[in-house]
Amino acid sequence: MAGPRITRIEPQRDPERVSVYIDGAFCCGIRRRTFEGMGLKEGDAIGCEELRKREKFFWKQRYQDKWEEEKHRIARVKGLIEAIDPRIEVHVTGFGADTNALIEEHPEEAGAPDLEVKWNGLTLMHVEVTGTRRLRGQGYWVRPDKLAHAAAHPESEVWVVLHYAEPEEHLVCIRPSGRPPITEVNIGGAREHMCVYQEGDAGVGPWPTLVERLRERIGPSTRTTPGNA
């Protein structure tokens with residue numbers, strides 16, 4: 001017996017979503033850009049449960065081969081922050097930030113930062129670490145959910161650190177205030193939404209910007225190591 005197949009794909013009222021029918025019955029609504037990224041079309045063999053699972057974890061699965069690079073970025077930024085002052089403690093808190101395994105669930109709160117920076121038991125700031133091996137496109141790309149999380153927690157000091165490894169190590173620090181317009185970018189054939197910062201935008205600065213902010217929060221240190229990247 002032939003397996004289940006996609007029999008119809010219809011646009012929804014929201015132009016960014018489509019309805020997918022399998023064996024003549026409605027299965028689910030899916031973001032158009034996610035569905036396009038799956039490469040599926042009418043007539044392709046797939047069951048409804050499998051399609052829903054693919055949609056739910058599409059981005060996790062798509063970038064699973066990049067997680068090792070992400071772990072390296074997080075470890076590198078963690079080490080640089082710890083080098084600023086011997087009294088600083090940095091804890092990895094981001095969902096799945098300490099593993100390469102595919103976690104088939106989502107965090108309770110989307111966009112939660114990767115690092116918590118503490119001193120004498122006091123949380124000084126939270127840091128989201130992102131980036132790519134090389135700078136792509138124009139400006140600095142940050143996922144909208146990361147900025148939405150920062151906006152939802154005005155009581156916390158949240159920073160975004162972008163780490164680029166090539167052609168030489170380069171770090172950019174952003175202290176979000178507001179949110180730039182969302183831009184659609186193409187990454188590996190899939191359409192993604194990003195907020196794009198430019199050099200000179202408010203809150204955007206080099207690594208020493210974050211270093212000086214932390215030193216301001218904790219006061220004079222006995223260490224002479226600069227902790228600059």
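Keep in mind the model is a prediction, meaning the values are calculated, not measured.
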If you apply the rule side chain to side chain donor-acceptor pair (under 3.5 Å), what do you find for Thr34 with Glu55, and how did you get there? CA-CA 7 Å; Thr34 303; Glu55 195 276 337; 4.8 Å; no
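- One N or O on the side chain of Arg52 and one on the backbone of Cys27 form a donor-acceptor pair closer than 3.5 Å.
- At least one side-chain heavy atom of Trp159 sits under 4.5 Å from a side-chain heavy atom of Arg213.
- With salt bridges taken as basic N to acidic carboxylate O contacts below 4.0 Å, none links Arg33 and Glu36.
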Does the side chain to side chain contact (heavy atoms under 4.5 Å, CB included) test come out yes or no for Met194 and Thr183, once each step is laid out? CA-CA 5 Å; Met194 293 285 180; Thr183 301; 5.5 Å; no
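- The two atoms that bring Asp44 and Lys41 nearest to each other are OD2-N, 2.9 Å, heavy atoms only.
- When all heavy atoms of Gly139 and Leu135 are compared, the pair lying nearest together is O-CD1, 3.5 Å.
- Taking CZ from Arg133 and NE2 from His72, the interatomic distance works out to 10.0 Å, rounded to the nearest 0.5 Å.
- Under the side-chain hydrogen bond (donor to acceptor under 3.5 Å, both in side chains) test applied with His163, the options Glu169, Arg73, Arg76 reduce to a single match, Glu169.
- Remark: side-chain polar atoms of Asp14 are paired, donor with acceptor, to backbone N or O of Glu16 under 3.5 angstrom.
- Val172 and Ile84 fall into different hydrophobic clusters, where Ile, Leu, Val, Met, Phe, Trp and Tyr residues are linked whenever their side-chain heavy atoms come under 4.5 Å apart, directly or through other members.
- The local environment of CD in Glu155 is crowded, with over 12 non-hydrogen atoms from other residues, nucleotides or ligands closer than 6.0 Å.
- Between Leu115 and Val92 the shortest side-chain heavy-atom distance falls below 4.5 Å.
- In the hydrophobic clustering of ILVMFWY residues, with side-chain heavy atoms under 4.5 Å counting as a link, Val18 and Met38 come out together.
- Using a 4.5 Å cut-off between side-chain heavy atoms of Ile, Leu, Val, Met, Phe, Trp and Tyr, with links allowed through other members, Ile74 and Val117 fall into the same hydrophobic cluster.
- Closest non-hydrogen pair, Ile88 versus Val90, comes out as CG2-CG2, 3.8 Å.
- For the residue pair Glu10 and Ser19, no side-chain donor N or O sits within less than 3.5 Å of a side-chain acceptor on the partner.
- With rounding to the nearest 0.5 Å, the separation of CZ in Arg32 from CD1 in Ile9 is 9.5 Å.
- Taken to the nearest 0.5 Å, the CZ atom of Arg8 stands 10.5 Å off from the CZ atom of Phe26.
- Scanning all heavy atoms of the two residues, the minimum distance from Gln198 to Asp201 falls at N-OD2, 2.8 Å.
- Side-chain N or O atoms of Asp23 include one that pairs as donor or acceptor with a backbone N or O of Arg5 at under 3.5 Å.
- Between Ser156 and Thr123 there is no side-chain heavy-atom pair separated by less than 4.5 Å.
- When the side chains of ILVMFWY residues are joined at heavy-atom separations under 4.5 Å, either directly or via intervening members, Ile46 and Phe35 end up in a single hydrophobic cluster.
- Scanning both residues, Tyr164 and Gly131, for their nearest heavy atoms gives CE2-CA, 4.3 Å.
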May I have the step-by-step check of salt bridge (charged side-chain N to carboxylate O under 4.0 Å, His left out) for Glu82 and Lys78, ending in yes or no? CA-CA 6 Å; Glu82 290 171 335; Lys78 179 178 183 289; 2.8 Å; yes
Is there a side chain to side chain contact (heavy atoms under 4.5 Å, CB included) between Leu51 and Leu40? Walk through the geometry before answering. CA-CA 10 Å; Leu51 179 61; Leu40 294 171; 3.7 Å; yes
Between Arg215 and Glu212, is a salt bridge (charged side-chain N to carboxylate O under 4.0 Å, His left out) present by the stated rule, with each step listed? CA-CA 5 Å; Arg215 286 179 173 159; Glu212 291 307 313; 3.4 Å; yes
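- The one candidate from Thr209, Val161, Val158, Val160 that meets the side-chain contact (heavy atoms from CB on, under 4.5 Å) condition with Ile174 is Val160.
- Each of Leu162, Leu210, Leu80 was scored for a side-chain contact (heavy atoms from CB on, under 4.5 Å) with Leu171, with one residue passing: Leu80.
- Pairing each heavy atom of Pro206 with each of Cys173, the nearest pair is O-SG, 3.8 Å.
- Applying the 6.0 Å contact sphere to CD of Glu49 captures no more than 12 heavy atoms from other residues, nucleotides or ligands.
- Cysteine sulfur proximity is not satisfied for Cys48 and Cys28, their SG distance being 2.5 angstrom or more.
- Side chain of Arg17 to backbone of Gln12: no donor-acceptor contact under 3.5 angstrom is found.
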Verdict with reasoning, Trp119 to Leu214, per side chain to side chain contact (heavy atoms under 4.5 Å, CB included): CA-CA 10 Å; Trp119 174 74; Leu214 273 175; over 6 Å; no
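- In this structure, Glu166 pairs ionically with Arg134, as a charged nitrogen and a carboxylate oxygen lie closer than 4.0 Å.
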Yes or no on side chain to side chain contact (heavy atoms under 4.5 Å, CB included) for Glu199 and Tyr140, after CA distance, side-chain angles and deciding distance? CA-CA 8 Å; Glu199 199 77 42; Tyr140 306 119; 2.3 Å; yes
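- Proximity of Ile218 to Arg87: side-chain heavy atoms (C-beta onward) are separated by under 4.5 Å at one or more points.
- Inter-residue side-chain proximity for Glu128 and Val142 is flagged as unmet; no heavy-atom pair is nearer than 4.5 Å.
- Hydrophobic clustering of Ile, Leu, Val, Met, Phe, Trp and Tyr side chains at less than 4.5 Å, counting indirect connections, keeps Ile6 apart from Tyr21.
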